Amino acid sequence: MINKLKMPVFVTQPALPPLEDFTELLREVWQNKILTNNGPFHQRFEKELAGYLGVKHISLFSNGTMALMTALQALKITGEVITTPFSFVATTHSLWWNNIKPVFADIDPVTLNLDPWKVEAAITPQTTAIMPVHVYGNPCNLDELKKIADTYGLKIIYDAAHAFGVKVNGDSVLNFGDLSILSFHATKVFNTIEGGAIICHDEKTKKRIDYLKNFGFVDETTVIEPGINAKMNEVQAAFGLLQLKYIDENIIKRKAVANLYRKHLSNIKGIRFLNDIEHVTHTYSYFPILIDEKEYGKTRDELYEELKRNNIFGRRYFYPLISQFPSYRGLSSATPKNLPVAEQVAKKVICLPIYPELSVDVIERIIKILRK
Ligand SMILES: Cc1ncc(COP(=O)(O)O)c(C=O)c1O
């Protein structure tokens with residue numbers, strides 16, 4: 001019998017910088033008396049973040065959802081957009097809020113990302129863009145998606161909310177597609193409490209995005225179109241600037257957690273986990289495992305409940321599929337017959353706790369429960 005943990009262990013715990021250092025920065029904000037609207041911390045953070053990520057242009061946002069919604073506006077996307085049902089609801093909600101019809105395509109059973117061949121099959125004369133997600137930070141099939149987009153004249157907006165710092169052959173995954181968005185929500189690898197960003201490739205597009213996130217203002221008297229208020233404030237930006245100092249250390253700790261799980265899980269029958277991919281620099285945002293009920297002898301939900309009884313709160317990301325929620329399930333592309341792989345994966349997946357301060361002791365307890 002394993003003793004129940006005294007403190008609950010959640011799927012994640014936010015990484016926080018030293019409070020004293022943050023207080024110092026807050027003092028500066030108080031002295032500046034600038035709280036938002038592209039203030040000094042916002043400008044510094046944008047520059048340093050672009051340098052850290054290895055991208056040309058970045059626009060900071062109040063959160064990732066507003067970044068997604070603004071990205072669609074920036075490219076004037078309309079009609080239908082092909083996307084994955086295996087993601088967080090914000091991916092598809094951003095389409096709905098823009099009056100765009102989501103068209104779901106199935107995922108690849110190995111990467112769990114949009115299957116490019118299913119994307120191609122879902123194209124209609126109304127399709128204007130593809131919105132793939134780098135699920136769990138694993139890069140999509142970038143080359144195939146680009147080929148399809150180029151052939152059919154479509155835009156690609158990557159939802160890279162899970163892919164902070166991820167690189168492919170040394171190049172940021174954020175440099176692919178027309179635009180990429182990030183989330184800096186408290187649960188993410190890198191957080192600014194709430195926050196997000198759009199990554200683009202040229203100055204002109206960045207300008208347009210910056211106008212859109214500030215009501216459409218170009219200057220005091222010029223409003224180019226109905227923009228929104230999606231600006232990151234100075235406190236968030238100062239927090240982010242400080243977080244950048246610790247991000248590498250935090251990723252190293254996350255990698256150690258992932259490797260310890262992998263070492264122990266490799267000899268448990270019926271549990272599949274995702275391995276690192278060659279030429280990819282991973283940042284270990286999630287640790288999903290897939291339960292094969294027959295081989296493992298227990299269903300995913302039985303395991304989920306068992307962990308809960310032990311005060312360990314895994315999350316069934318992503319279950320239910322987005323396509324199963326009331327707003328979307330009436331769409332013809334949402335039918336389970338169209339999404340057999342995603343339907344299967346959503347029944348099998350559970351994300352185990354992963355965060356920099358997760359102790360070896362707790363990981364070993366989790367493994368013991370998984371072995372039982
Ligand atoms: C894949 C994905 N897209 C979008 C979002 C939305 O980001 P935010 O919470 O910063 O609005 C999240 C997570 O929160 C996410 O996981």
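Values in this document were obtained by computation on a predicted structure and should not be read as measured data. Counting starts at 1 for both ligands and their atoms, in listed order.
Every atom of ligand 1 is numbered from 1 in the order shown, and the set under 4.0 Å from a heavy atom of Gly195 is 10 (O). Listed by atom number, the atoms of ligand 1 under 4.0 Å from Ala90 heavy atoms are 4 (C), 5 (C), 6 (C). Near Ser87, with a cut-off below 4.0 Å to any heavy atom, the atoms of ligand 1 are 1 (C).
Between Tyr52 and Phe164, the angle of the ring planes stays under 30°, which puts this pair in the parallel group of the 30/60° scheme. A perpendicular orientation is assigned to the rings of Phe217 and Phe215, their planes being inclined by more than 60° (bins at 30° and 60°). Using bins of under 30°, 30° to 60° and over 60° for the plane-to-plane angle, the ring pair Tyr158/His134 lands in the parallel bin. Using a 30° and 60° split on the angle between ring planes, Phe86 and Tyr136 fall in the perpendicular class, above 60°. A tilted orientation is assigned to the rings of Tyr286 and His162, their planes being inclined by 30° to 60°.
With a heavy-atom cut-off of 4.0 Å, Glu194 does not touch ligand 1 at all. Residue Thr65 touches ligand 1 through backbone and side chain together, judged by heavy-atom distances below 4.0 Å.
Ranking the protein heavy atoms by distance from atom 13 (C) of ligand 1 puts Lys188 NZ, 2.8 Å first. Regarding atom 3 (N) of ligand 1, its nearest protein heavy-atom neighbour is Asp159 OD2, 2.7 Å.
The distance criterion of under 3.5 Å between nitrogen or oxygen atoms is not met by Phe318 with respect to ligand 1. Taking any N or O of His162, backbone or side chain, at least one lies under 3.5 Å from an N or O belonging to ligand 1.
When Ser62, Ala197, Ser183 are checked for heavy-atom proximity to atom 7 (O) of ligand 1, Ser183 turns out nearest. When Phe184, Tyr286, Phe88 are checked for heavy-atom proximity to atom 5 (C) of ligand 1, Phe88 turns out nearest.
Remark: of the listed residues Tyr246, Phe239, Phe41, Phe239 is the sole one forming a ring-ring contact (aromatic ring centres under 6.0 Å, His included) with Phe22.
Partners of Glu249 under the salt bridge (Lys or Arg N to Asp or Glu O under 4.0 Å) rule, at least two apart in sequence or in another chain, are Lys253.
The heavy-atom pair separating Leu242 from Pro18 by the smallest distance is CD2-O, 4.3 Å.
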